[in-house]
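Working notes, beginning with the structure itself.
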Amino acid sequence: MTTMTVETLRNYINGEWRDSASGTLLEDRNPAQPDQVVARFQSSTPDDVAAAAEAAAAALPAWRAMPPPKRGEILFKAAALLEERADGVARAMTLEEGKTFREARGETLRGASILRFFAGEAWQPSGDTYPSANPSTFLYTTRAPLGVVTAITPWNFPVAIPCWKIAPALVYGNTVLLKPAELTPLTSYKIVQVLEDAGLPKGVLNLVLGKGSQIGDALVGHKHVAGVTFTGSNEVGRHVYNLAIDGHKKAQLELGGKNPIVVLDDADLEQAVTQTLNGAYLSTGQKCTAASRVIVMRSVKDEFTERLLRRVQAITVGDGLDPQTYMGPLVSQGQKDTVLKYIKIGQDEGARLLAGGHALDDAGRHGGYFVEPTLFDDVTPTMRIAQEEIFGPVLALITVDSFEEAIDVANGVQYGLSASVFTRDAERAFRFVSASESGIVHVNSETAGAEPQVPFGGMKSSSSFSREQGKAAVEFFTQIKTVYFDMPPAR
Ligand code: NAD
């Protein structure tokens, strides 16, 4: 077991780092070596949430009144600080989440780009002018912040997702309560430190650590909270949404996926194989946009499968801090159990295991939550492993006989987050783009990847029909005020 200093993470409320009223700490452990405690953190209570909500409400008038470019300046500074601290933040992420340092560093730099993009949005127009039917009326719109916004985030992108919720919330004049996933408190803590050091006034951003099951309802239901932005599982999302709507709060959900890659008969197979490998196994398959189904036309299926299998078998699984590692552990024992359960379900359903299928638990693995990269062949579209989100390194190969069948299979799930097609044929690429029931479509690239300047989000059960990031973010984090401005008669 490696010795390291174990930090105690406090809540950040009204510009102060505070212990929870509970007096209880929870442990943040390394999934590659679960006997290693990475940090201890507050097990917060509804009283802590209430204190944070009061602070956020008190900070709102001054923050809302600050000119947007001034708010943007703070985010510009935060972006630079996050870049400066990227190695430390990425290391913390690898230690508590398990993804490789390379991926963690890439995500941290992406977090900085998100902060910078929204800092720039502070300079954008915030309304429109309209011709009025009345010659004396100046008719225009402005945008007002929602007020206090709660952001509830998952463990799988512990920098990018908090950044893409916090940055637009702040730049459009809202104050924030951030509740990160209990598996990744340290990374979020570092993001809040960056924003504090960049000069955010007290109470504008508040961090409440702890278990969603204990403080979730308070975070959503508190009377000062006007909006809730949630990313996570469908089950928790539905609960959050219903509670928010009941309390007349604006709510936005980003949820699960079952993302397909379609490989047509004219695809560049080398490109398709490399992109499928990255889409399915990077981050150990724990991305909402990970590829979990690959739908291949029969005429190229054997060659595609042979090449993919060689690459899957060459994947190195290990500690994310080891530069040789391509794929780290799963994030938790629970996630490992779920993945192994689905592998068994796939075998019981009659799918054929081509690679992987087992936990990697030999002595040198320190009890880490490692599972082999797994590839199933002979999967049919209605099998559970082709329908349900597994959230792990398990890829299902489905063979089809036509382009039309490929589209039907790709769309034949409850989810609609991201989808890819590989082809050299522009006509079929555009037909796929048009027919795909997904919020994000890739042509000749894998299903994951999100640039900050474009909308992000899913169709069907993958979201609440809203979008995050890019120009879309303003829709959730503000409300429109329409102004009819008439002058009094001339004196
Ligand atoms: P989760 O739903 O278990 O947890 C998400 C967050 O909700 C955590 O902060 C958790 O503490 C909190 N929470 C738990 N119970 C709560 C309650 N009763 N009230 C309020 N909050 C509560 O999800 P997870 O396991 O952290 O993340 C994995 C899931 O997230 C997957 O389904 C994945 O597809 C999804 N995800 C979606 C996107 C997207 O943008 N569509 C991105 C990343 C992850």
Side-chain angles (χ1 to χ4, degrees), residues 26 28 31 41 43-44 46 49 96-97 99 107 150-165 177-185 187-188 207-222 225 228-244 247 249 251-259 283-292 330-339 388-392 413-418 438-440 447-450 455-469 472-473 476:
L26 300 169
D28 176 18
F41 62 103
S43 179
S44 299
V49 173
E96 66 180 1
E97 202 271 352
K99 68 176 70 174
E107 182 186 332
T150 289
I152 301 178
T153 55
W155 45 263
N156 66 334
F157 284 105
V159 166
I161 295 177
C163 282
W164 85 45
K165 291 183 186 301
L177 309 184
L178 171 64
K179 153 68 185 86
E182 42 269 58
L183 290 169
T184 53
T187 315
S188 313
L207 173 73
V208 189
L209 299 168
K211 291 190 176 169
S213 55
Q214 285 172 8
I215 52 173
D217 286 5
L219 281 158
V220 177
H222 193 280
V225 172
V228 182
T229 171
F230 171 92
T231 298
S233 63
N234 283 59
E235 192 191 349
V236 177
R238 200 169 302 119
H239 171 78
V240 164
Y241 198 76
N242 289 337
L243 194 62
K249 293 154 198 299
Q252 172 187 58
L253 308 176
E254 285 302 333
L255 306 167
K258 192 69 192 170
N259 311 297
S283 289
T284 322
Q286 301 171 118
K287 293 182 189 175
C288 51
T289 48
S292 58
L330 289 154
V331 73
S332 65
Q333 181 67 50
Q335 205 61 32
K336 179 179 168 186
D337 292 345
T338 302
V339 168
E388 296 173 21
E389 185 182 53
I390 301 173
F391 227 54
V413 293
Q414 63 161 314
Y415 297 107
L417 185 52
S418 182
S438 281
I440 301 159
T447 46
F456 176 91
M459 292 184 179
K460 303 198 284 191
S461 298
S462 289
S463 95
S464 56
F465 311 103
S466 50
R467 295 290 180 269
E468 299 193 85
Q469 301 204 78
F476 179 74

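Residue numbers run from 1 in the order of the sequence given. Just follow the structure's listing: the first ligand is 1, and inside any ligand the first atom is 1. Atom set for the values below is all heavy atoms of this structure, side chains included, hydrogens, waters and symmetry mates excluded.
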Do any nitrogen or oxygen atoms of [X] come within less than 3.5 Å of a nitrogen or oxygen of ligand 1?
| X | result |
| --- | --- |
| Asp217 | no |
| Gly232 | yes |
| Trp155 | yes |

- Item | Winner among Glu389, Lys211, His239 once heavy atoms are compared against atom 34 (O) of ligand 1 | Glu389
- Query: With respect to Pro158, which candidate in Thr184, Leu183, Thr153 satisfies the side chain to side chain contact (heavy atoms under 4.5 Å, CB included) definition?
  - Reply: Thr184
- Message: With the threshold set at under 4.0 angstrom, would you say Leu183 reaches ligand 1 through any of its heavy atoms?
- Response: no
- Query: Out of curiosity, is Gly458 lining ligand 1, as in a heavy atom under 4.0 Å away?
  - Reply: no
Numbered atoms of ligand 1 (with element) below 4.0 Å of [X], judged on heavy atoms:
| X | value |
| --- | --- |
| Ile161 | 42 (C), 43 (C) |
| Ala181 | 8 (C), 9 (O) |
| Val240 | 19 (N), 20 (C) |
| Ser213 | 15 (N) |
| Glu182 | 10 (C), 11 (O) |
| Lys179 | 9 (O), 10 (C), 11 (O) |
| Pro180 | 9 (O) |

- Would Trp164 and Phe476 count as a close aromatic pair, with their ring centres under 6.0 Å? no
- Item | Distance-only side-chain donor-acceptor flag, Gln252 / Thr229, under 3.5 Å | yes
- Message: Just by distance, no angles: are the side chains of Thr231 and Lys165 close enough, under 3.5 Å, to form a donor-acceptor pair?
- Response: yes
Suppose we measure from [atom] to each protein heavy atom; which comes out shortest, and what is that distance?
| atom | value |
| --- | --- |
| atom 40 (O) of ligand 1 | Phe456 CE2, 3.1 Å |
| atom 36 (N) of ligand 1 | Cys288 CB, 3.5 Å |
| atom 41 (N) of ligand 1 | Leu255 O, 2.7 Å |
| atom 5 (C) of ligand 1 | Thr231 O, 3.7 Å |
| atom 20 (C) of ligand 1 | Gly216 CA, 3.3 Å |
| atom 28 (C) of ligand 1 | Phe391 CE2, 3.7 Å |
| atom 23 (O) of ligand 1 | Ser233 N, 3.4 Å |
| atom 12 (C) of ligand 1 | Ile152 CG2, 3.6 Å |

Counting heavy atoms only, which part of [X] comes closer than 4.0 Å to ligand 1: side chain, backbone, both or neither?
| X | answer |
| --- | --- |
| Ser463 | neither |
| Asn156 | side chain |
| Phe157 | neither |
| Leu417 | side chain |
| Asn234 | neither |

Is any side-chain heavy atom of [Y] closer than 4.5 Å to one of [X]?
| X | Y | result |
| --- | --- | --- |
| Phe230 | Leu255 | yes |
| Asn156 | Ser283 | no |
| Phe391 | Gln286 | yes |
| Met459 | Ser438 | no |

Just how far is it from atom [atom1] of [X] to atom [atom2] of [Y], taken to the nearest 0.5 Å?
| X | Y | atom1 | atom2 | value |
| --- | --- | --- | --- | --- |
| Asp28 | Glu182 | CG | CD | 10.5 Å |
| Glu389 | Ser462 | CD | OG | 8.0 Å |
| Leu243 | Arg238 | CG | CZ | 14.5 Å |

- With side chain to side chain contact (heavy atoms under 4.5 Å, CB included) as the test, would you mind laying out the steps for Glu97 and Phe157 before giving the verdict? CA-CA 9 Å; Glu97 202 271 352; Phe157 284 105; over 6 Å; no
- Under the side chain to side chain contact (heavy atoms under 4.5 Å, CB included) criterion, do Leu26 and Lys211 qualify, and how do the steps go? CA-CA 9 Å; Leu26 300 169; Lys211 291 190 176 169; 3.9 Å; yes
- Looking at atom 7 (O) of ligand 1, is any protein heavy atom nearer than 4.0 Å to it? yes
- Message: Evaluate Cys288 against Phe456 for side chain to side chain contact (heavy atoms under 4.5 Å, CB included), listing each step before the verdict.
- Response: CA-CA 12 Å; Cys288 51; Phe456 176 91; 4.2 Å; yes
- Task: Take Val413 and Glu388 through the side chain to side chain contact (heavy atoms under 4.5 Å, CB included) test and state the conclusion after the steps.
- Result: CA-CA 8 Å; Val413 293; Glu388 296 173 21; over 6 Å; no
- Message: Please check: side-chain N/O of Lys258 versus main-chain N/O of Gln414, any donor-acceptor pairing under 3.5 Å?
- Response: no
